[in-house]
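I have placed the structure first, in the form of structure tokens, so that the comments after it can refer back to it.
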Amino acid sequence: MESKAIHRCLHVLDLDKSLTFYERALGMKEIRRMGPEDGSWVNAFIGSGGSGFQLELTWNRGRIEPYDNGGRDSHIAFTVPDFDAAHALHEQMGCICHENEAMGLYFIEDPDGCWIEILPEKDEFASQPGVDVLAAMTARSSVRTYSGEPVPQALLDRIVRAGLLSASGRRRRPWELIIVRDRGTLSALAECRDSGAAMLTGADAAIVVLGNPDVADTWIEDCSIVMANMHLEASASGVGSCWIQGRMRTAADGRSTQDFVANLLDVPAPWQLEAILSLGMPEGPAPTRTFDNELLVKVHEERF
């Protein structure tokens, strides 16, 4: 039976106080949250750096007694690739202690009485209502050095989907994406710019964004939206990323970056290179930023 640990649940009495503590003490920031519309409970998921593991901080309205987070008030969660097979095995073992069919999960109990949450793999890193988009944007940064740890496929899939769900003029979606993970190709791709692309030699993956001028005259804007959305999703998922501009740039050998990439990756006409997103697990946590109020001088009311 294969499984993957994805989060540990802790119950908290003061959610804001706990979020502040974990960010200050360990650099863990809120990634997503979920809960009912009546606000009776909140699950806030926090993480940091290159680790895909998260803490789930659960707050329940009206609770005043301290929790026992060394006992059943805490648990660790695992995903399994075959949920039905896992359920059948655990039923045979007689270790299922609680089921929540409405949420599509159940718990098993180990020999020492510890509860373990079992979830289907398809729910891993699922987006939830109530995500703070501004917080995700504030946490975003360009990451150019990587730990060498592979980017989990589930996270790469999320980044790609964020790009494919992007808005485009008249819904024409004039883009194509090329995912590069081959080490030799990544090293060669690092020469696509005379400077500013060296991080690809240490990246685990890259996503090349191409646009077709024959499909839409807004292909540059549309492809830029794709890049921005993938860049933001990478940051929100704990993956380091950096935007490498391709259009109107020059390769190390003097060719245009467009011609260099088209030759390396067999890109046919009339597809044009917009940019490349480098991806890798970061070496450490990204620097903490806050909104700079000086940016507000760029906002004008009614007239320039």
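Computed over heavy atoms, backbone and side chain alike; hydrogens, waters and symmetry mates excluded. All values reported here derive from a predicted model rather than from experimental measurement.
Leu119 approaches Phe83 most closely through the heavy-atom pair C-CD1, 3.8 Å. Of all heavy-atom pairs spanning Cys192 and Ile276, the tightest one is SG-CD1, 3.9 Å. The two residues Pro282 and Val143 have their closest heavy-atom pair at CB-CG1, 4.0 Å. Among all heavy-atom pairs drawn from Asp14 and Trp59, the shortest one is N-CD1, 4.4 Å. Listed here is the closest heavy atom pair of His300 and Val297: CE1-O, 4.0 Å. Shortest non-hydrogen contact noted between Arg247 and Leu273 is CB-O, 3.4 Å.
For the atom pair CD1 of Ile108 and SG of Cys97, the computed distance is 8.0 Å after rounding to the nearest 0.5 Å. Note that the CG atom of Asp16 and the OG1 atom of Thr20 stand 6.5 Å from one another [nearest 0.5 Å]. Rounding to the nearest 0.5 Å places CG of Leu189 at 10.0 Å from OG1 of Thr257. Separation of atoms CD (Glu191) and OG1 (Thr201) is listed at 9.0 Å; rounding is to 0.5 Å. In this structure, Ile244 CD1 and Leu200 CG are separated by 3.5 Å, a value rounded to the nearest 0.5 Å. Taking CD1 of Ile64 as the start and CG of Leu13 as the end, the distance is 9.0 Å to the nearest 0.5 Å.
Using modelled atom types, one side-chain atom of Ser166 and one backbone atom of Gly163 make a donor-acceptor pair closer than 3.5 Å. The main-chain N or O of Glu283 is never found under 3.5 Å from a side-chain atom of Ser147 such that the two would form a donor-acceptor pair. In this structure, Asp82 contributes its side chain and Ala85 its backbone to a donor-acceptor pair below 3.5 Å. In terms of modelled atom types and a separation under 3.5 Å, the side chain of Thr218 and the main chain of Glu221 share no donor-acceptor contact. Judged purely by atom type and a 3.5 angstrom limit, Arg61 uses its side chain to pair as donor or acceptor with the backbone of Asp38. Not one N or O on the side chain of Arg33 forms a donor-acceptor pair closer than 3.5 Å with the backbone of Gly35. In this structure, the side chain of Arg144 does not engage the main chain of Ala198 through any donor-acceptor pair within 3.5 Å. Using modelled atom types, one side-chain atom of Arg63 and one backbone atom of Pro66 make a donor-acceptor pair closer than 3.5 Å. With hydrogens and angles disregarded, no donor-acceptor distance shorter than 3.5 Å links the side chain of Arg249 to the backbone of Arg193.
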Worksheet item: Trp175 and Asp222: side-chain contact (heavy atoms from CB on, under 4.5 Å), yes or no, with the steps?
Response: CA-CA 8 Å; Trp175 57 67; Asp222 293 341; 4.2 Å; yes
Worksheet item: Gln272 and Gln258: side-chain contact (heavy atoms from CB on, under 4.5 Å), yes or no, with the steps?
Response: CA-CA 7 Å; Gln272 298 292 307; Gln258 161 68 31; 3.7 Å; yes
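Ion pairing between Arg303 and Glu301 fails under the 4.0 Å rule for side-chain N and carboxylate O.
Residues Asp182 and Leu186 fail the side-chain proximity criterion, which asks for heavy atoms closer than 4.5 Å. Side-chain contact check for Ile118 versus Val80: some heavy-atom pair is nearer than 4.5 Å. Proximity of Asn60 to Tyr67: side-chain heavy atoms (C-beta onward) are separated by under 4.5 Å at one or more points. In this structure, the side chains of Arg32 and Ile46 stay at 4.5 Å or more apart for every pair of heavy atoms. In this structure the side chain of Leu105 reaches within 4.5 angstrom of the side chain of Glu117, judged on heavy atoms.
A search for ring-ring contact (aromatic ring centres under 6.0 Å, His included) contacts involving His231 returns nothing, not counting sequence neighbours. Leu177 pairs by the side chain to side chain contact (heavy atoms under 4.5 Å, CB included) definition with Val160, Leu164, Ile207, Val209, Val226, Met230, not counting sequence neighbours. Every residue two or more places apart in sequence or in another chain that forms a side chain to side chain contact (heavy atoms under 4.5 Å, CB included) with Ile178 is listed here: Val180, Val208, Leu210, Leu265, Val267. In this structure, the side chain to side chain contact (heavy atoms under 4.5 Å, CB included) partners of Ala275, at least two apart in sequence or on a different chain, are Met227, Trp243, Gln245.
Checking Ser278 against Tyr146 by side-chain atom types alone, a donor-acceptor pair falls below 3.5 Å. When only modelled atom types and interatomic distance are considered, Asn229 and Glu233 share no side-chain donor-acceptor pair under 3.5 Å. Side chains of Asn43 and Thr58: a donor-acceptor N/O pair is present below 3.5 angstrom, by distance only.
When hydrophobic side chains of Ile, Leu, Val, Met, Phe, Trp and Tyr are connected at separations under 4.5 Å, Ile220 ends up clustered with Trp219.
Both Leu264 and Trp271 are part of a single hydrophobic cluster, where members link through side-chain heavy atoms under 4.5 Å apart. There is a path of hydrophobic side-chain contacts, each under 4.5 Å, that joins Ile179 to Leu155.
A salt bridge (Lys or Arg N to Asp or Glu O under 4.0 Å) check over residues 204-219, counting only residues at least two apart or in different chains, returns the pairs Arg181-Asp204.
Checking His98, His90, His87 one by one against Tyr106, the side chain to side chain donor-acceptor pair (under 3.5 Å) holds for a single residue, His90.
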